[in-house]
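Keep in mind that this is a model prediction, so the values were computed, not measured.
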Amino acid sequence: KTNPRASLKSAGKRGVPPGFCTLGLARCTVYTLRARSRMKWSDWPGYRAGHRWSRIRTANASGVEQVDAFSRPLGLLESGFDVGGQKQGQSDIHALLKVDLQPAEATEGGVDCQQNWSDRFIERLLLAWTTVRDRHPLLASSVRDGGDACIPGGVKPREFVYVPPTSFEAAVGAAQHTVLLHETGPSESLDEACLAILDRYILNGERVLLDQSKCLARLVLIRHPVEPLKLGLALVVAHVVRPALASGSRARKANARGLL
C-alpha cells in the first residue's frame with residue numbers, strides 16, 4: 001500500500017484529516033498474537049451459539065460518573081476481521097453513492113438557494129444516520145480487550161462495548177461526530193473528488209477515518225461549491241462490524257428512511 005498521507009498523524013481533533021470538517025449542526029497499534037491461557041473451543045463465549053450482550057457499568061466520556069453500557073465477546077469471524085482492522089484497516093469496507101438533488105424550487109434559484117437546499121438535505125441525512133446507528137448498535141460501538149482466556153489459535157480475546165445515548169440530543173450529537181464534510185475545489189469535478197477521497201483516505205495509506213477503540217463506522221460527504229445539489233456519500237465501516245453485503249443493505253435502509 002502506498003502512503004501519501006504520512007503527515008496526517010496530527011490532523012486535528014477526532015482524527016479529522018485536512019480538507020474535511022465535522023458537521024456544525026448541533027491509530028492503530030499492530031496487533032500482537034499472544035497466548036495467555038489455553039481453552040477449548042466449547043469454553044470460549046464467542047464460539048457458543050447465541051452468546052448474548054451483558055449489561056455493564058462504565059465511566060462516561062468525562063470519567064466523572066458511571067453509566068449503563070453493554071458488552072459481548074467477538075465471534076470467531078469477527079475476531080479475524082478485528083485483527084485485520086488493527087493492521088491499518090486492512091479489512092475495512094466501503095460503499096460510495098452519488099446523489100443528485102432536483103427540487104424544483106432549488107433548481108430555479110441561484111447558488112445560494114441551492115446551498116440552502118443542500119444544507120437541509122444534510123440535516124435530514126444526519127437524522128437518518130442517527131436512526132440507522134440506533135437500530136444497528138454495532139455501528140455505534142467500539143472494540144476493546146476483554147477477558148483473560150485466550151481464543152484458540154493464540155488470539156487475544158476482545159469484546160464490543162456499546163454505550164446507549166441517554167437522549168435524542170445525545171444520539172444526534174454522537175452521530176454527528178462520525179460524519180465528515182469535504183468541500184471540493186471549484187476546478188475539481190465531483191467524480192474526481194470522490195475518487196481522490198477513496199484513493200487517499202480509504203484505499204491507501206494510514207488509517208485515519210476509523211479506529212477500533214473509538215469509531216467503527218463513518219459517513220463522509222463530498223460536495224461541490226458550484227453545484228451543491230450534487231453530493232458524494234462514502235460509507236466506511238470496519239469489517240468487524242458488518243460484511244460488505246450487509247453494508248449495502250444498511251445503505252438501502254437509510255435511503256428508505258428519507259435520506260434521499
Side-chain angles (χ1 to χ4, degrees), residues 1-27 88-90 92-129 132 175-211 215 217-238 244 247-248 250-252 254-255 258-260:
K1 298 175 76 175
T2 60
N3 186 13
R5 47 194 167 106
S7 62
L8 296 178
K9 293 182 180 179
S10 58
K13 296 182 179 179
R14 301 188 181 90
V16 179
F20 291 88
C21 64
T22 55
L23 295 183
L25 301 176
R27 208 132 240 277
Q88 293 299 328
Q90 292 178 359
D92 291 346
I93 59 178
H94 71 276
L96 177 63
L97 305 175
K98 295 178 183 178
V99 180
D100 188 356
L101 307 177
Q102 296 183 344
E105 298 87 344
T107 55
E108 294 174 358
V111 174
D112 291 340
C113 181
Q114 296 180 15
Q115 184 75 31
N116 180 55
W117 274 92
S118 179
D119 291 341
R120 291 172 60 183
F121 168 79
I122 292 178
E123 291 178 1
R124 292 183 59 186
L125 184 145
L126 176 59
L127 295 178
W129 178 238
V132 171
Q176 76 177 40
H177 289 323
T178 65
V179 180
L180 296 177
L181 175 62
H182 173 72
E183 298 279 2
T184 71
S187 61
E188 184 181 29
S189 70
L190 181 63
D191 290 341
E192 292 173 341
C194 289
L195 292 178
I197 294 298
L198 289 178
D199 180 61
R200 296 182 59 191
Y201 301 107
I202 298 176
L203 299 180
N204 297 303
E206 299 178 28
R207 192 193 203 199
V208 296
L209 297 180
L210 301 180
D211 187 327
C215 179
R218 190 179 291 280
L219 188 61
V220 180
L221 310 180
I222 305 99
R223 182 168 65 177
H224 197 283
V226 179
E227 296 180 302
L229 295 181
K230 296 182 179 181
L231 299 97
L233 285 71
L235 176 64
V236 190
V237 183
S247 292
R250 296 293 81 77
R252 290 191 295 271
N255 182 20
L259 189 153
L260 302 182

For the side-chain contact (heavy atoms from CB on, under 4.5 Å) test, which of Ile222, Leu219, Leu221 pairs with Leu181?
Leu221

For the atom pair CG (Leu233) and CG (Leu125), what is the distance rounded to the nearest 0.5 Å?
5.5 Å

Non-neighbouring partners of Leu127 that pass side-chain contact (heavy atoms from CB on, under 4.5 Å), sequence neighbours left out
Phe168, Val172

Specify the closest pair of heavy atoms between Gly232 and Cys194, including all atoms of both residues, with the distance to one decimal.
CA-SG, 3.9 Å

Minimum heavy-atom separation for Glu188 to Ala196, with atom names?
OE2-CB, 4.3 Å

His224 side-chain N/O to Leu229 backbone N/O, donor-acceptor pair under 3.5 Å:
no

How long is the straight-line distance from CG of Leu190 back to CG of Leu195, given to the nearest 0.5 Å?
9.5 Å

Any non-hydrogen side-chain atom of Leu97 less than 4.5 Å from a side-chain atom of Leu235?
no

Under the side chain to side chain contact (heavy atoms under 4.5 Å, CB included) rule, what do Leu101 and Trp117 come out as? Steps first, then yes or no, please.
CA-CA 9 Å; Leu101 307 177; Trp117 274 92; 5.8 Å; no

Closest non-hydrogen contact found for Pro228 with Ser118 is O-OG, 2.9 Å

Let me see the working for Thr178 and Trp129 under side chain to side chain contact (heavy atoms under 4.5 Å, CB included), right down to the final yes or no.
CA-CA 10 Å; Thr178 65; Trp129 178 238; 2.9 Å; yes

Correct closest heavy-atom pair for Leu210 and Ala217 would be CD2-N, 3.8 Å

Can you give me the closest heavy-atom contact between Ile202 and Ala234, atom names plus distance?
CD1-CB, 4.3 Å

Could you grab the distance from atom NE2 of His94 to atom CG of Leu198, nearest 0.5 Å is fine?
5.0 Å

Please enumerate all residues that pass salt bridge (Lys or Arg N to Asp or Glu O under 4.0 Å) together with Glu227, with sequence neighbours excluded.
Lys230

Any side-chain heavy-atom pair of Leu209 and Leu180 under 4.5 Å:
yes

I want to check something: taking the side chain as every heavy atom from C-beta on, are Phe121 and Val99 in contact at a cut-off of under 4.5 Å?
yes

Counting C-beta onward and ignoring hydrogens, is there a side-chain heavy-atom pair between Leu231 and Ile122 closer than 4.5 Å?
yes

Main-chain N/O of Ala193 paired with Thr184 side-chain donor or acceptor, under 3.5 Å:
no

For Arg218, is there an ion pair with Asp92 - N to carboxylate O distance below 4.0 angstrom?
no

